[in-house]
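Below, each value reflects all heavy atoms present in this structure, side chains not excepted, and no hydrogens, waters or symmetry copies.
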Amino acid sequence: ADDPVLGRIEVAVLDPVGDLEVVHRWVTAPAARFWGLGDLSAGELGEVYAYVDGLSTHHAFVIRRDGLPIVLLQTYEPENDPLGEVYDAQAGDVGIHFLLGDRGAPVRGFTTRVAHAISAFLFAQPAVDRIVIEPDVGNDRAVARARLFGFTLGPQVELPGKSGQLAFLTREAWETAERS
């Protein structure tokens, strides 16, 4: 997909070997503390993503901007994840985690444009009706960013190792925001 400001945006399945160095650098950065992977060695992280690569319910992607890796995106079926135990998962729900890594040349609205590209990628799949996120309740920036992008906040939920703020973006809300 092309973005008039970001340039060429490509989403590819994460390569647990080829993408490992850059993803390890991202998840071990102080800003990524909410990901909980900061203590893993590169080898351990590679094992995690090799495992994820073999699952049919969870997927990891690297998003590139004009060839530069910029985002780690993980998607999952909430009903096959601990999240599905703490809220009423619906058919068409897709859970996501994403981590902004490198940015490339600075542009206005970078994060919003990246969030739009992720949403466009997800909603291009006809089975997806709603994106579900659960940022850490202490991650004020992520919660504020979700609201700005059109997510509706749901309840706070207790998950393994964290308290999460549920938030939902329906296909309808995304398409409406697109037109306005």
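Val23 is not connected to Ile63 by any chain of hydrophobic side-chain contacts under 4.5 Å among Ile, Leu, Val, Met, Phe, Trp and Tyr, and they are in different clusters. Following chains of ILVMFWY side-chain contacts shorter than 4.5 Å, one cannot reach Leu72 starting from Phe98, and the two form parts of different hydrophobic clusters. The hydrophobic clustering, which links ILVMFWY residues whose side-chain heavy atoms are closer than 4.5 Å, places Val11 and Val13 together. Transitive grouping of hydrophobic side chains (ILVMFWY, heavy atoms separated by less than 4.5 Å) brings Leu122 and Leu6 into a common cluster. Under a hydrophobic clustering in which Ile, Leu, Val, Met, Phe, Trp and Tyr are joined whenever their side-chain heavy atoms come within less than 4.5 Å, directly or via other members, Phe123 and Phe121 fall into the same cluster.
Put simply, CZ on Arg130 and OG1 on Thr170 are 8.5 Å apart, with the number rounded to the nearest 0.5 Å. Considering NE2 of His24 and CG of Leu40, their distance stands at 7.0 Å, rounded to 0.5 Å. Within the model, atoms CH2 of Trp174 and OG1 of Thr176 stand 11.0 Å from one another, a figure rounded to the nearest 0.5 Å. Here the CD1 atom belonging to Ile9 is positioned 8.5 Å from the CG atom belonging to Asp2, to the nearest 0.5 angstrom. Between Thr28 atom OG1 and Asp39 atom CG the span is 10.0 Å, to the nearest 0.5 Å. Rounding to the nearest 0.5 angstrom, the gap separating the CG atom in Leu148 from the OG1 atom in Thr112 is 7.0 Å.
Taking both residues in full, the closest heavy atoms of Pro78 and Ala89 are given as CB-CB, 4.3 Å, listed atom of the first, atom of the second, then distance. In this structure, Leu99 and Ala32 approach most closely via the heavy-atom pair CD1-CB, 3.9 Å. Residues Trp35 and Gln74 come closest through the heavy atom pair CZ3-OE1, 3.2 Å. When all heavy atoms of Ser56 and Glu77 are compared, the pair lying nearest together is O-OE2, 3.9 Å. Closest approach of Leu55 and His59 over heavy atoms only: O-CE1, 3.8 Å. The shortest non-hydrogen separation linking Ile118 to Leu73 is CG2-CD1, 4.0 Å.
Between Val22 and Trp26 the shortest side-chain heavy-atom distance falls below 4.5 Å. For the pair Leu45/Leu37, a side-chain contact is recorded, criterion being any heavy-atom separation below 4.5 Å from C-beta on. Taking the side chain as every heavy atom from C-beta outward, Gln156 and Leu166 never approach each other to under 4.5 Å. Side-chain atoms of Val5 and Arg108, non-hydrogen and from C-beta on, never get closer than 4.5 Å to each other. When side chains are defined from C-beta on, Leu153 counts as touching Gln165, because their heavy atoms get closer than 4.5 Å. For the pair Arg25 and Pro69, the minimum side-chain heavy-atom distance is 4.5 Å or more.
The one candidate from Val71, Asp19, Thr75 that meets the side-chain contact (heavy atoms from CB on, under 4.5 Å) condition with Phe61 is Thr75.
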side-chain contact (heavy atoms from CB on, under 4.5 Å) assessment of His116 paired with Ser119:
CA-CA 5 Å; His116 172 76; Ser119 299; 5.5 Å; no
Go through it in stages, so that I can follow the logic: the residues are Ile70 and Val114, the test is side-chain contact (heavy atoms from CB on, under 4.5 Å), and I'd like the CA-CA distance, side-chain angles, deciding distance and then a yes or no.
CA-CA 9 Å; Ile70 59 167; Val114 167; 4.1 Å; yes
Output, in order, the C-alpha distance, side-chain angles, deciding distance and verdict of side-chain contact (heavy atoms from CB on, under 4.5 Å) for Val132 and Val94.
CA-CA 6 Å; Val132 183; Val94 62; over 6 Å; no
Evaluate the criterion side-chain contact (heavy atoms from CB on, under 4.5 Å) for residue pair Arg65 and Val107; output intermediate values, then yes/no.
CA-CA 12 Å; Arg65 173 187 178 198; Val107 297; 3.4 Å; yes
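Applying the ring pair (Phe, Tyr, Trp, His ring centres under 6.0 Å) test to residues at least two apart or on different chains, none of the pairs has a partner in residues 129-167. Sorted by first and then second residue, the ring pair (Phe, Tyr, Trp, His ring centres under 6.0 Å) pairs with a member in residues 62-92 read His58-Tyr76, Tyr76-His97, Tyr87-Phe168; sequence neighbours excluded.
For Asp102 and Arg64, the salt-bridge test fails: no basic side-chain N is under 4.0 Å from an acidic carboxylate O. A salt bridge is absent between Asp136 and Lys162; no separation between the charged side-chain nitrogens and carboxylate oxygens falls under 4.0 Å. Checked for salt-bridge contact, Asp66 and Arg8 miss the test: no charged N lies under 4.0 Å from a carboxylate O.
Taking a 6.0 Å sphere around CD of Glu44, one finds it holds more than 12 heavy atoms contributed by other residues, nucleotides or ligands.
Within the 3.5 Å criterion, the main-chain N or O of Ala142 finds a donor-acceptor partner in the side chain of Asn139.
Looking only at atom types and distance, the side chain of Glu158 has a donor-acceptor partner in the side chain of Ser163 under 3.5 Å away.
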